[in-house]
Amino acid sequence: MRIITFGTFDVFHIGHVNILERAKELGTHLIVGVSSDALNISKKGRPPIYNESDRMKIVESLHCVDEVFLEESLELKGEYIIAHKADVLVMGDDWAGKFDHYSNLCKVHYFPRTEGISTTKIIDVVRSTTVS
Ligand code: C2G
């Protein structure tokens, strides 16, 4: 079974490891779409802390990940699912319900998010503890 998932994976943390490991357990081949810097700027109004090539390299280095590609548009998920012959789309449950319409192309599965950690939280903690 081929699994596909998407994310920014900026300031890589344990929540990212958890979802990627859980995703891999659903199948045999894990493909990860890492969202581009341009997509993040248009979505969040700021570039990620780590650039797209570093984020792709970090994700690719995990032993549970078999393949990485650049996600250039949120609207292209259907095309990515077809191109990568994915059987299951996995996302964290902050996206629950948002990708159900792809269930005509593959199974759609949401895992619970890891509690208490996020890239935004890490950035806030670092910012508030940095002495300038
Ligand atoms: N995640 C998680 N637990 C956390 C933080 C993140 O399970 N504490 C999951 C998210 O639910 C997502 C994945 O990790 O499935 C990547 O999260 P982000 O890097 O925040 O990605 P996001 O900005 O949601 O980008 O096309 C969709 C986008 O590319 C998703």
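These numbers were taken from a predicted model, which means no experiment stands behind them. Atoms within a ligand are numbered from 1 in the order they appear, just like the ligands themselves.
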Return yes if some donor-acceptor pair links the side-chain N/O of [X] with the main-chain N/O of [Y] below 3.5 Å, else return no.
X	Y	result
Asp93	Arg113	yes
Glu52	Asp37	yes
Ser36	Leu70	no
Arg55	Ser35	yes
Arg2	His84	yes

Region of Glu115 that comes within reach of ligand 1 [heavy atoms, distance under 4.0 Å]: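 Glu115 to ligand 1: no contact under 4.0 Å from either part.
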Backbone, side chain, both or neither: what part of Arg22 comes under 4.0 angstrom of ligand 1, heavy atoms only?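 Neither; no heavy atom under 4.0 Å.
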May I ask you to list the atoms of ligand 1 that are less than 4.0 angstrom from any heavy atom of [X]?
X	answer
Gly7	16 (C), 21 (O), 25 (O), 29 (O), 30 (C)
Asp94	10 (C), 11 (O)
Leu74	26 (O), 27 (C)
Lys44	23 (O)
Lys43	23 (O), 25 (O), 28 (C)
Gly92	11 (O), 15 (O)
Phe6	26 (O), 27 (C)

Could you check which of Tyr110, Phe12, Phe111, Trp95 puts a non-hydrogen atom nearest to atom 24 (O) of ligand 1?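 Checking each option, the heavy atom nearest atom 24 (O) of ligand 1 is found in Trp95.
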Would you mind checking which non-hydrogen protein atom is closest to [atom], with the distance to 0.1 Å?
atom	value
atom 18 (P) of ligand 1	Thr8 N, 3.8 Å
atom 19 (O) of ligand 1	Phe9 N, 2.8 Å
atom 3 (N) of ligand 1	Thr114 N, 3.1 Å
atom 2 (C) of ligand 1	Arg113 CG, 3.7 Å
atom 29 (O) of ligand 1	Glu71 OE1, 2.6 Å
atom 14 (O) of ligand 1	Ile19 CG2, 3.6 Å
atom 8 (N) of ligand 1	Ile117 O, 2.7 Å
atom 27 (C) of ligand 1	Lys77 NZ, 3.5 Å

Please walk me through it: do Ile41 and Arg46 pass side-chain contact (heavy atoms from CB on, under 4.5 Å)? CA-CA 5 Å; Ile41 291 166; Arg46 64 160 182 86; over 6 Å; no
Heavy-atom check, side chain of Asp54 versus side chain of Phe12, under 4.5 Å: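 Side chain of Asp54 against side chain of Phe12, heavy atoms only: no contact under 4.5 Å found.
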So Ile58 and Tyr50, do their side chains get closer than 4.5 Å, heavy atoms only?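 Yes, at least one pair of side-chain atoms sits under 4.5 Å.
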Drop me the distance from Ile14's CD1 to Thr114's OG1, to the nearest 0.5 angstrom.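 If I round to the nearest 0.5 Å, the distance is 7.0 Å.
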Less than 6.0 angstrom from the centroid, inside 45 degrees of the normal: does Lys77 satisfy that with respect to the ring of Tyr102?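 Here Lys77 fails the 6.0 Å and 45° test against Tyr102.
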Distance only, no hydrogens: is a donor on one side chain within 3.5 Å (strictly under) of an acceptor on the other, for Asp10 and Thr119?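 Distance-only check fails for Asp10 and Thr119.
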